[in-house]
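Reckoned from all heavy atoms, side chains included, excluding hydrogens, waters and symmetry mates.
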Amino acid sequence: MVNFMEFTPDNRLVYAATNLGRDKVALVLMDPSTCRELEVLYENERYDISSISYSRKRKKLLSVYCTGHKEPVRHFFDAEEEALRARIKAHFPDHRYGVADSDKAEEHYLIYAGNDRTRGYYYFYDAVNDTAEKIADIAPWIREEDMVEMHAVTYTTRDGLEIEAYLSLPQGLTPQTAHHLPVVVNPHGGPWARDTWGYSSEVQFLCNRGYAVFQMNFRGSTGFGRKFLEASYKQWGLKMQDDITDGVRWLIGEGIADPARIAIYGGSYGGYAALAGVAFTPELYRCAVDYVGVSNLFTFMKTIPPYWRPMLEMMYEQVGHPEKDREQLAATSPALHADNIRVPLLI
């Protein structure tokens with residue numbers, strides 16, 4: 001893939017995000033007329049780059065950003081920008097922040113600050129005087145101290161992949177003190193998307209009711225490079241599901257999960273994973289909730305909407321072809337194995 005992100009000040013070249021000829025999406029200098037790569041500006045060994053920061057005033061590339069496991073990964077090209085970011089961060093030691101906007105002079109900024117226990121706040125930041133004034137609380141009725149933390153954890157799959165995951169626990173517990181808890185396993189939708197560290201009202205609701213919540217970036221989740229993405233191709237209900245299963249078994253092995261009280265719940269692809277969980281590993285779950293999930297891969301491929309048609313050949317490569325891969329799609333369609341389900345299921 002190639003994504004033009006910003007033109008150079010002379011409008012001749014572009015700063016582009018690309019993974020052509022490499023595993024991770026890197027920031028490169030590129031000639032837009034030929035797509036010839038002229039210089040690699042930044043490449044992270046673990047994550048794809050996701051955005052850049054550019055100064056309109058100074059006509060200069062400032063930094064590049066990757067979505068990390070918990071903390072963002074940012075590489076600076078400009079010392080002035082790095083110093084500014086450090087000054088802003090000093091105002092929000094317990095929060096992650098982002099620059100939402102600035103004036104043309106780049107002296108006044110609208111800053112978003114948030115974490116895993118709040119929807120966040122907006123501040124007016126004066127860079128000249130280094131002052132931050134709160135202007136809005138997105139959800140003032142939510143008390144940050146009443147919410148729970150989202151813990152960044154990792155586990156290894158049966159075939160050796162390291163999976164980044166998030167574990168949220170009822171109030172007062174840590175991964176070290178949590179034992180034999182009821183758990184809601186919550187795989188994300190997409191599936192070519194990802195979970196990130198931060199506030200989730202669903203997670204907070206479930207933890208408030210005494211459940212632990214477990215979310216994982218199984219193979220195919222975005223932001224971890226091309227190999228990790230392509231490892232998911234034609235693996236619905238197979239290795240992608242194994243990644244979820246291995247995470248649940250890791251929780252049990254750590255003593256965090258009560259093996260008799262584990263539920264699986266998800267939307268879209270997460271709904272498919274919930275159905276696959278109770279159809280293909282029925283011994284693992286006590287119940288399941290499928291929210292708008294795919295249940296039959298044949299009907300799914302037949303009902304691709306018109307605006308997805310240009311991607312249909314790619315869908316055949318990623319999910320499977322209804323004729324060439326008929327046996328596999330039949331084996332991994334939960335609706336065709338509903339007789340295996342022996343626990344309560346809500347759709």
Does [X] reach the side chain of [Y], with side-chain heavy atoms less than 4.5 Å apart?
X    : Y    : answer
M5   : V14  : no
E164 : W197 : no
D116 : Y166 : no
L169 : P175 : yes
Y199 : I138 : no
T67  : Y47  : no
S53  : V99  : no
C66  : H75  : no

Please round to the nearest 0.5 Å and tell me the distance separating atom [atom1] of [X] and atom [atom2] of [Y].
X    : Y    : atom1 : atom2 : value
D126 : T131 : CG    : OG1   : 4.0 Å
R119 : Q204 : CZ    : CD    : 10.0 Å
L167 : M150 : CG    : CE    : 9.5 Å
N19  : L229 : CG    : CG    : 9.0 Å
D325 : L297 : CG    : CG    : 10.5 Å
Y233 : K239 : OH    : NZ    : 15.0 Å

Give a yes or no on whether [X] and [Y] share a hydrophobic cluster (residues Ile, Leu, Val, Met, Phe, Trp, Tyr; joining criterion: side-chain heavy atoms under 4.5 Å apart).
X    : Y    : answer
V2   : I52  : no
V294 : I341 : yes
V28  : M1   : no
I304 : Y316 : yes
W192 : I49  : yes

Taking all heavy atoms of [X] and all of [Y], pick out the closest pair and write down the distance.
X    : Y    : answer
N296 : T299 : O-OG1, 3.0 Å
Y42  : V64  : CD2-CG1, 3.5 Å
D146 : Q171 : O-NE2, 2.9 Å
L20  : T18  : N-OG1, 3.0 Å
A165 : H69  : O-NE2, 3.0 Å
A193 : H188 : O-CE1, 3.4 Å

[X] side chain to [Y] side chain, donor-acceptor N/O pair below 3.5 angstrom:
X    : Y    : value
N115 : E144 : yes
Y155 : E254 : no
Y125 : D130 : yes

Salt bridge (charged side-chain N to carboxylate O under 4.0 Å, His left out) evaluation trace for R74 with E81: CA-CA 11 Å; R74 191 179 291 275; E81 172 72 1; 5.6 Å; no
T157 and D242: CA distance, side-chain angles, deciding distance, side-chain contact (heavy atoms from CB on, under 4.5 Å) verdict: CA-CA 8 Å; T157 66; D242 289 345; over 6 Å; no
Could you check whether [X] pairs with [Y] (Lys NZ or Arg NE/NH1/NH2 to Asp/Glu carboxylate O, under 4.0 Å)?
X    : Y    : result
R56  : E6   : yes
D31  : R36  : no
K227 : D23  : no
R194 : D48  : no
K59  : E106 : no

Stepwise side-chain contact (heavy atoms from CB on, under 4.5 Å) test for R85 and Y97: CA-CA 10 Å; R85 293 276 179 167; Y97 78 91; 2.9 Å; yes
Look only at the side chain of [X] and the backbone of [Y], and say whether a donor-acceptor pair between them is shorter than 3.5 Å.
X    : Y    : result
Q328 : K234 : yes
S55  : K60  : no
S200 : V203 : yes
S333 : A335 : no
R46  : G68  : no
S51  : Y65  : no
R96  : K70  : yes
E149 : R117 : no
D78  : L62  : no
D101 : L110 : no

So with a 6.0 Å cut-off around [atom1] of [X], is the heavy-atom count from everything else above 12?
X    : atom1 : result
E145 : CD    : yes
K24  : NZ    : yes
Y291 : OH    : no
E327 : CD    : no

Review item, side-chain donor-acceptor pairs of residues 206-218, under 3.5 Å, at least two apart:
unit_1	atom_1	unit_2	atom_2	d
N217	OD1	D195	N	2.7
N217	ND2	D195	O	3.1

Full working for salt bridge (charged side-chain N to carboxylate O under 4.0 Å, His left out) between K324 and E317: CA-CA 11 Å; K324 296 174 185 176; E317 186 68 26; over 6 Å; no
Residues T245, F280; criterion side-chain contact (heavy atoms from CB on, under 4.5 Å); working and verdict: CA-CA 10 Å; T245 301; F280 306 138; over 6 Å; no
side-chain contact (heavy atoms from CB on, under 4.5 Å) between L346 and D290, intermediate numbers included: CA-CA 6 Å; L346 172 66; D290 157 35; over 6 Å; no
Geometric class of the W236/Y269 ring pair [parallel <30°, tilted 30-60°, perpendicular >60°]: perpendicular
Distance flag, aromatic centroids of Y121 and F92, threshold under 6.0 Å: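 No; Y121 has its ring centre 6.0 Å or more from that of F92.
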